[in-house]
Novice: 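Quick one: this structure, given as C-alpha cells, is what I'll be asking you about.
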Amino acid sequence: MELYSTNNPHLRVTFREAVFQGLPPDNGLFMPVYLPRMPQAFIEQLYCLDFEEIAFQLTMTLVGDEIPEKSLRTILHQTLTFPAPVVQLNDKTGILELFHGPSLAFKDFGARFMAQVMAYFQQDASDELIILVATSGDTGGAVAAGFYQTPGIRVVILYPSGKVSPLQEKQLTALEHNITAVEIEGTFDDCQALVKKAFLDKQLRQKLRLSSANSINIARLLPQIFYYWEAYKQVQHLKQPIVFSVPSGNFGNLTAGLIAQQMGLPAHHFIAATNVNDTVPVYLKCGHFEPKPSVRTISNAMDVGNPSNFARMLRLYGSTWNIMRSYVSGFAFTDAQTRACMKETFEKYQYMLDPHTAIGYLGWKTYQEQTSSSAFGIVLGTAHPAKFQQTVEEILQCPIPLPPALKQLLDRPKHAIQMPANYSTFRKWLLDFGEKR
Ligand SMILES: *Cc1c(COP(=O)(O)O)cnc(C)c1O
C-alpha cells in the first residue's frame with residue numbers, strides 16, 4: 001500500500017511508515033494513492049461472509065503484502081471482538097450500532113485496529129514503543145481500551161484534572177497494566193502542549209521511541225471502511241437503494257464511507273449530519289470552506305469547527321465542489337432539534353438515541369423529506385446512550401442502565417500520576433518512565 005500526503009502528491013510512504021508517522025511532515029494527511037475496486041464476486045457473495053472475512057478481504061486488497069495473511073487474520077480477530085448490527089427502526093430506517101465495544105463508541109474499531117497493527121509492525125523492534133496521547137476525555141478511553149495489554153507498547157495518557165466525567169476518568173485510570181494515566185493540573189490545551197513539546201524534543205526522542213495515536217492516523221480510518229460493507233450485507237435483501245447518514249465532527253467516519261463507495265460499495269448517497277458546527281454542510285451548500293471556532297453542544301464529540309478529514313474528502317473528488325455534492329448532502333441541527341428527535345424516537349419506537357446518533361437520524365429524515373427519497377436509510381449509531389447517561393436521562397426522563405462492563409470499571413480504583421502543567425517535570429518523569437520496564 002502506497003500513501004501520499006494531501007499537501008504533496010509526490011511524498012510517498014508505505015503503510016508501516018504512515019502508521020508510525022501519523023502525520024506527514026508537511027502537516028497534510030496520508031491518503032492511499034490507489035483505491036482498488038473490490039471484484040464483483042466479492043459483492044455477490046457478501047451475504048455469506050462474516051464480518052471478519054469481509055474485513056480480511058478488504059484489508060488484503062488495500063494493504064497488500066505489507067502484512068502476511070496469517071498475521072492479518074490475527075489482527076482482525078483481535079480487533080473485531082464485538083458486532084455491528086443494523087437495528088431496524090421502521091421499514092425505511094436502520095441504525096448501524098457501532099457502540100458495542102469497550103468505550104461504547106465507534107472509535108473502538110479504529111483504536112483497536114491501530115493498536116494491533118502497531119503491535120504487529122513493532123514485534124521485531126528491540127526497543128519498546130511509547131504512545132503519547134492528550135485527551136479531553138472521549139478519545140482517551142477508546143485508545144486506552146484499544147492498546148490494553150498490547151505487547152511491546154506502553155501508553156501514556158494525559159488528561160486535565162477535574163475536567164473529564166467520572167466514567168471517562170475510570171476508563172483512563174482503572175485499567176493499569178501497560179496504560180498509564182497522567183492527571184495534569186491544567187486544561188486540555190495544557191495536556192496537548194506537553195505532548196507536542198515532547199514530540200518536538202529531539203534529545204528526548206533519541207532516548208525514547210515515541211508515537212501518537214492521533215485520530216487522523218490512517219490505521220484508524222481503514223477499519224471504519226469495514227462496517228459500511230457489513231451494514232450493506234445486512235440490508236441488501238431489501239433490494240432498495242441505500243443511503244448512509246453519518247453524524248460527523250472530524251469527518252473520519254464519513255470519509256471511510258466515501259472510500260468504501262469508491263471501492264465498489266453499492267451506496268446510493270451519503271449524508272453529512274452535524275450539530276451547529278456546520279462548516280461542511282455550509283461548504284456543500286455554497287462551495288466555501290470557512291473553518292470557525294467550535295461551539296459547545298450536547299453532541300460534544302462533534303464540536304469541531306475545522307474538520308481535519310476535509311482534506312481527504314476533497315482529494316476523493318479532485319477538489320471539485322460539484323462532484324462532491326453529487327455524492328454527499330449536508331444538514332446541520334440545533335440542540336433543541338436534537339432533544340426533540342431523541343424524545344420523539346423514544347416515544348414512537350422505544351429506542352434510545354444518544355445525541356450524536358440523533359443528529360444522524362435527523363439528517364436522514366430531512367433528506368427523505370426534501371428529496372421524497374424511497375431509499376433505505378442507514379444511520380451510523382456512533383455512541384451508546386449510556387455513554388452520555390446524564391444528558392440522555394434528562395431528556396428522556398427515564399433511567400438508562402450502564403452496561404455491566406462499565407459498571408465493573410466504575411468499581412475499580414483510580415491510578416493516576418498527578419503532575420503540574422510543566423514541561424520539565426513531565427520530561428523528567430517520562431525519561432524515568434522509559435527506563436523502567
Ligand atoms: C468522534 C465521534 C463522532 C464524530 O466522528 P468523526 O469521524 O470525527 O466525524 C460522532 N459521534 C461520536 C459519539 C463520536 O465519538
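Just follow the structure's listing: the first ligand is 1, and inside any ligand the first atom is 1.
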Novice: Output side-chain donor-acceptor pairs under 3.5 Å for residues 339-347, partner residues at least two apart or in another chain, one line each.
Specialist:
from : atom 1 : to   : atom 2 : distance (Å)
T345 : OG1    : C341 : O      : 2.7

Novice: Strictly by modelled atom types, are N309 and T255 linked by a side-chain donor-acceptor pair under 3.5 Å?
Specialist: no
Novice: Check the side chains of T93 and N90 for a donor-acceptor pair under 3.5 angstrom, ignoring hydrogens and angles.
Specialist: yes
Novice: Going by atom types alone, do D354 and T357 pair a side-chain donor with an acceptor below 3.5 Å?
Specialist: yes
Novice: State whether a side-chain donor-acceptor pair under 3.5 Å links S161 with E185.
Specialist: no
Novice: In terms of relative ring orientation, are F289 and Y283 parallel, tilted or perpendicular, with 30° and 60° separating the classes?
Specialist: perpendicular
Novice: Quick check on ligand 1: any N or O pairs to the protein under 3.5 Å? One line per pair.
Specialist:
from     : atom 1 : to   : atom 2 : distance (Å)
ligand 1 : 7 (O)  : G252 : N      : 3.1
ligand 1 : 7 (O)  : N253 : N      : 2.9
ligand 1 : 8 (O)  : N250 : N      : 2.8
ligand 1 : 9 (O)  : G249 : N      : 2.8
ligand 1 : 9 (O)  : N250 : N      : 3.3
ligand 1 : 9 (O)  : F251 : N      : 2.8
ligand 1 : 11 (N) : T382 : OG1    : 2.9
ligand 1 : 15 (O) : K107 : NZ     : 2.4
ligand 1 : 15 (O) : D138 : OD2    : 3.3

